[in-house]
Amino acid sequence: GDKVYNLTYTSSQLTFTYPPFALLAFLPMAWVSPWLGSALTLLVSIACVAFLLHVALGRAGVGVVVATVMLVAAMVAEPVWLTLHFGQVNLIVLALCLLDLTGRHRARGVMVGLAAGLKLTPLFFVAYLVFTRQFRAAATVCATFAATVAVGFLFNPHGATVFWTDAVRDPSRVGSAFFAGNQALTGVLPRWAGEPLPHAVVLVAQALAGLAALVAASYLHRRGRELESVIAASFGMLAMSPISWSHHWVWAWPAALVLVAALVRQLRGTRGGNGEHAADDVDHGDARGIGAAERAPGWAVATGALLMVWLFVFVSRSTWWPPHYEDAELSWSLVQKVLGNTYVVAGA
């Protein structure tokens, strides 16, 4: 009904925080049993993980054994596991954005616009598309998102009014920004400082993080590394979001797959490459090839080490090791700060 944003749900007494358009996506859940709805959500999310494997590892020619191991490993990565546990939409939003931004189709931007209609944060990709000079796709995202807003008002005018005039400006509806689960700058900076920081300081840090991510993404895009480019932009989106719960960091998983694909290429280049085509790889920026420098064993060792650290960060649940709840995070020791704020650091 029209009180959707005034009610609390579940034993945690949480409020509904998604745009009104998301209600249309959730509506079929009212027509099936909770168990069937949960099962369908789980299956769709797991299918999205499999899709990510295909996108990130397909071009690398990774074998079935490695792909299966990575699929199993995904289920223990903290962002993925929590998304499945909570029945969240993060993997679905991720798949929509990656399918849209790394594919070649005429409706480029539509799926990102729909994802933003479900959850506002994908709007950051409008800036990414502008930075990478994909202006038509950026306009398509905006037009599609505007259509979702209009549908929301048509479907639930009172709820839409409440959301766009009040709820959307109140991040406290989802809980304390200092909570350990918030792996955005709004949580990381106060936890490091041990106290709330002026709003202007946080805003400047958010702007710098977003700009750095867009510059990196633009560089990767020019090199023809589209998947890496989108992932780089996503880390800026997560860092500067008002709230980025740890399960929002599912974008770390395709990043891990990119590292696996790079490691496989480097190992093959080290074993069998004679550098014959290295100049072509460098000159043309082939996203599937590796240059002469990357054929050296040192690159494979460095990539393997980075992959191990990356997996530790996102599998170990270290962000939950220090004490949390009731703003205990503002009293963390130095070691606890390092452990409890690793996601943004890893993304950087």
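Small disclaimer: the values here were computed from a predicted structure and weren't measured.
The number of heavy atoms from other shown groups lying within 6.0 Å of CZ (Phe135) is above 12.
Residues satisfying the side-chain contact (heavy atoms from CB on, under 4.5 Å) test with Ser38, not counting sequence neighbours, are none. Residues that satisfy the ring-ring contact (aromatic ring centres under 6.0 Å, His included) test with Phe26, not counting sequence neighbours, are Tyr18. By the side-chain contact (heavy atoms from CB on, under 4.5 Å) test, Ala95 pairs with Cys48, Phe51, sequence neighbours left out. A search for side-chain contact (heavy atoms from CB on, under 4.5 Å) contacts involving Ser333 returns Val335, Gln336, not counting sequence neighbours. In this structure, the ring-ring contact (aromatic ring centres under 6.0 Å, His included) partners of Tyr343, at least two apart in sequence or on a different chain, are Trp249, Phe314.
Here side chain to side chain donor-acceptor pair (under 3.5 Å) pairs that include residues 184-205, with residues two or more places apart or in two chains, are Asn182-Thr186, Arg191-Asn341. Applying the side chain to side chain donor-acceptor pair (under 3.5 Å) test to pairs two or more places apart or on separate chains, those with a residue in residues 114-124 are Asn90-Lys119, Lys119-His248. Residue pairs meeting the ring pair (Phe, Tyr, Trp, His ring centres under 6.0 Å) criterion with at least one member in residues 75-118, sequence neighbours excluded, are Trp81-His85, Phe86-His247. Contacts classified as salt bridge (charged side-chain N to carboxylate O under 4.0 Å, His left out) and involving residues 88-108 (residues at least two apart or in different chains) are given here: Arg104-Glu226, Arg108-Glu226. The stretch residues 108-129 participates, sequence neighbours left out, in these ring pair (Phe, Tyr, Trp, His ring centres under 6.0 Å) pairs: Phe125-Trp251.
Taking CG of Leu91 as the reference point, atom CG of Leu84 lies at 6.0 Å (rounded to 0.5 Å). Going from atom CD1 of Ile231 over to atom CG of Leu98 covers 6.5 Å, rounded to the nearest 0.5 Å.
Residues Ile46 and Leu96 are members of one and the same hydrophobic cluster, defined by side-chain heavy-atom contacts under 4.5 angstrom among Ile, Leu, Val, Met, Phe, Trp and Tyr. Residues Val260 and Val315 are members of separate hydrophobic clusters, defined by side-chain heavy-atom contacts under 4.5 angstrom among Ile, Leu, Val, Met, Phe, Trp and Tyr. When hydrophobic clusters are built by joining Ile, Leu, Val, Met, Phe, Trp and Tyr residues whose side-chain heavy atoms come closer than 4.5 Å, directly or via intermediates, Leu238 is grouped together with Ile92.
The hydrophobic cluster of Val345 has no other members, since no ILVMFWY side-chain heavy atom comes under 4.5 Å of it. Residue Phe178 belongs to a hydrophobic cluster whose other members are Leu330, with links defined by side-chain heavy atoms closer than 4.5 Å.
Although no hydrogens or angles enter the test, the distance criterion places no donor-acceptor pair under 3.5 Å between the side chain of His158 and the main chain of Asn156. Between the side chain of Ser218 and the main chain of Val215, no donor-acceptor pair closer than 3.5 Å is present.
Taking the six-membered ring where the residue is Trp, Phe16 and Tyr5 present tilted rings, their angle falling between 30° and 60°.
Using modelled atom types, one finds a donor on one side chain and an acceptor on the other under 3.5 Å when comparing Thr303 with Gln266. Checked by atom type, the side-chain pair Ser246/Glu78 shows a donor-acceptor distance below 3.5 Å.
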